[in-house]
Protein chains: 2
Amino acid sequence: MSPRPGIDRLQLLQTAAELADRDGLHALTLAALAGKLGVRSPSLYNHVDGLTGLHAALTLYGLQTLHDRMLKSVAGRSGEDALRHACLSYVDFARSHPGLYEAALQPIRPDQQEIQQVGDQIVELLLQILVPYQLSQSEALHTVRTLRSLCHGFSSLDRAGQFALDLSLDDSLEFMIQIFIDGLTLHKTRQ
Amino acid sequence: MSPRPGIDRLQLLQTAAELADRDGLHALTLAALAGKLGVRSPSLYNHVDGLTGLHAALTLYGLQTLHDRMLKSVAGRSGEDALRHACLSYVDFARSHPGLYEAALQPIRPDQQEIQQVGDQIVELLLQILVPYQLSQSEALHTVRTLRSLCHGFSSLDRAGQFALDLSLDDSLEFMIQIFIDGLTLHKTRQ
DNA sequence: TTTTTAAAACTAATGGTATTAGTATATTAA
DNA sequence: TTAATATACTAATACCATTAGTTTTAAAAA
């Protein structure tokens, strides 16, 4: 045990995520976080390495949460069903935790290995789902990039208010997943 | 003519874009921009409405530039060829102007009509390209959302360093576009 | 040519932010 | 009861956006 309890790290991350979800990642300041935790800003430096460190911690926390959600949503499913639910859980997470999701996809530096690892876990989860499609290794990786682009692009554009038209978002999502699955199926049968 | 020339607005936007491209949008401060323009920060308030106004101006400028690039790249092309080049020019713009592109896709408020309009122009350009596919109106709009999600997601993940693996980005992009075209083709033939 | 005018530049000042240095405190372990 | 140490604190600095008020400058009017 520590000589003084201090702030719980998980509580710090959850509070930071709350602020980011409510007001946007840009509004997550050390001052605001400290205020909500009932502490002075400099005290936070005992737990995170400044604002940059807080962002990095949130990136990791967000990716871990995203991976967890996706993992649970595809448990017991396979094939198209798994693919569909992987996308749905991805988009659902981004929609329900916009600030944390934004933090999760902040640019990462090559030396941030722990973050890289969680990203790799997500890639491997998707690769696992794609096994039934019997793709070559490079094809599978291209497919994962396509899947991630689709889910991230949709989530990101939605949050940015770029889908302003009066047209169901859920229908669009179902449509695009189907286009992807059809494209992949056609690609496979052509070989 | 004005009673005093002052800073050229286009030059202001270009300089701001340069800074954003080089150091990231978050590093574009009024202080930095003023410094590069050889002027004091408060003077910028004669040209833009603070940092928020600068961001809004960059959003518009970025979207206009993106639309212009796409328009030129699909001139004289049609069908799959046009579709492919629309995606390629989109991703190319995002890659070569990361800061300006990031600004272009900042969240927009409903009252920013001029920005909305340019966004609509991009949507209409894509709808035009999709005419040969004879889609219903709602299908066409879902398709445009899919296209934009793919292009934005790919560009955004690329910039964020999420495509770390040693695998050709250009190959992934070509693969992704082909999956989309195949999926759309299959969707059409099924009706 | 001289005067007027208005936009654009400036200085000065304020408040908010991150960050660092150094000090006080509280809790565990000896 | 005391010593050690992680944590929180205050104080201070530097940078930033922003506002208010003043000065400058170039074009238009006289």
Side-chain angles (χ1 to χ4, degrees), chain A residues 1-61 99-100 102-103 106-109 112, chain B residues 1-61 99-100 102-103 106-109 112:
Chain A
M1 274 294 176
S2 303
R4 205 172 162 181
I7 295 169
D8 182 39
R9 184 173 176 84
L10 180 60
Q11 187 196 349
L12 182 147
L13 289 175
Q14 285 176 344
T15 306
E18 272 177 37
L19 283 174
D21 285 341
R22 202 190 55 189
D23 305 327
L25 186 60
H26 72 279
L28 172 63
T29 62
L30 289 181
L33 179 58
K36 192 145 192 176
L37 288 171
V39 109
R40 307 287 182 160
S41 315
S43 306
L44 296 178
Y45 284 77
N46 288 315
H47 305 280
V48 291
D49 189 11
L51 188 59
T52 306
L54 174 62
H55 283 148
L58 266 190
T59 300
L60 182 61
Y61 180 56
L100 182 56
E102 188 182 353
Q106 285 296 103
I108 55 181
R109 297 192 314 274
Q112 298 176 305
Chain B
M1 271 296 175
S2 302
R4 205 173 160 181
I7 295 170
D8 182 38
R9 184 173 176 83
L10 180 60
Q11 186 196 349
L12 182 147
L13 289 175
Q14 285 176 342
T15 306
E18 273 177 38
L19 284 174
D21 286 340
R22 202 189 57 190
D23 306 326
L25 187 60
H26 72 278
L28 173 63
T29 63
L30 289 181
L33 179 58
K36 191 144 190 176
L37 288 170
V39 109
R40 306 287 183 160
S41 316
S43 306
L44 295 179
Y45 284 77
N46 288 315
H47 304 279
V48 291
D49 190 11
L51 189 59
T52 306
L54 175 61
H55 283 148
L58 266 191
T59 300
L60 182 61
Y61 179 56
L100 182 56
E102 188 182 354
Q106 286 297 102
I108 56 181
R109 298 192 314 273
Q112 298 176 306

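Just so it is clear, the structure is predicted and the values come from calculations on it, not from any experiment. Just so it is clear: chains get the letters A, B, ... in the order the sequence lines come, proteins before strands, and each one is counted from 1.
- Counting only heavy atoms from C-beta outward, the side chains of B:His47 and B:Leu54 never approach each other to under 4.5 Å.
- Relative to the side chain of B:Ile7, the nucleotides C:dT19, C:dT11, C:dA9 differ in distance, and C:dA9 lies closest.
- Remark: C1' of D:dC9 and CG of A:Leu37 are 16 Å apart, rounded to the nearest angstrom.
- Minimum atom distance to the side chain of A:Pro42 is reached by D:dA11, of the listed C:dA18, D:dA11, D:dT18.
- Inter-residue side-chain proximity for A:Leu13 and A:Leu60 is flagged as unmet; no heavy-atom pair is nearer than 4.5 Å.
- Non-hydrogen atoms lying under 4.0 Å from DNA chain D are contributed by A:Asn46, A:His47, all within residues 44-56 of chain A.
- Contact of the A:Leu44 side chain with the A:Ile7 side chain is registered, since non-hydrogen atoms from C-beta on lie closer than 4.5 Å.
- Annotation for A:Asp49: atom CG does not count as buried by contact number, only 12 or fewer foreign heavy atoms lying within 6.0 Å.
- Without hydrogens or angle criteria, A:Thr59 side chain to A:His55 main chain gives a donor-acceptor distance under 3.5 Å.
- Taking a 4.0 Å limit (strictly below) on heavy-atom distances, residues 11-30 of chain A does not reach DNA chain D anywhere.
- Applying the salt bridge (charged side-chain N to carboxylate O under 4.0 Å, His left out) definition to pairs two or more places apart or across chains, those involving residues 8-28 of chain A are A:Glu18-A:Lys36.
- The interatomic distance linking A:Arg40 (CZ) with C:dG16 (P) rounds to 14 Å, in whole Å.
- Residue A:Ser43 places at least one side-chain N or O under 4.0 Å from the OP1 or OP2 atom of D:dC9.
- Under a 3.5 Å cut-off, the side chain of A:Gln112 and the backbone N or O of A:Arg109 do form a donor-acceptor pair.
- No side-chain donor-acceptor contact under 3.5 Å links B:Ser43 to the backbone of B:Val39.
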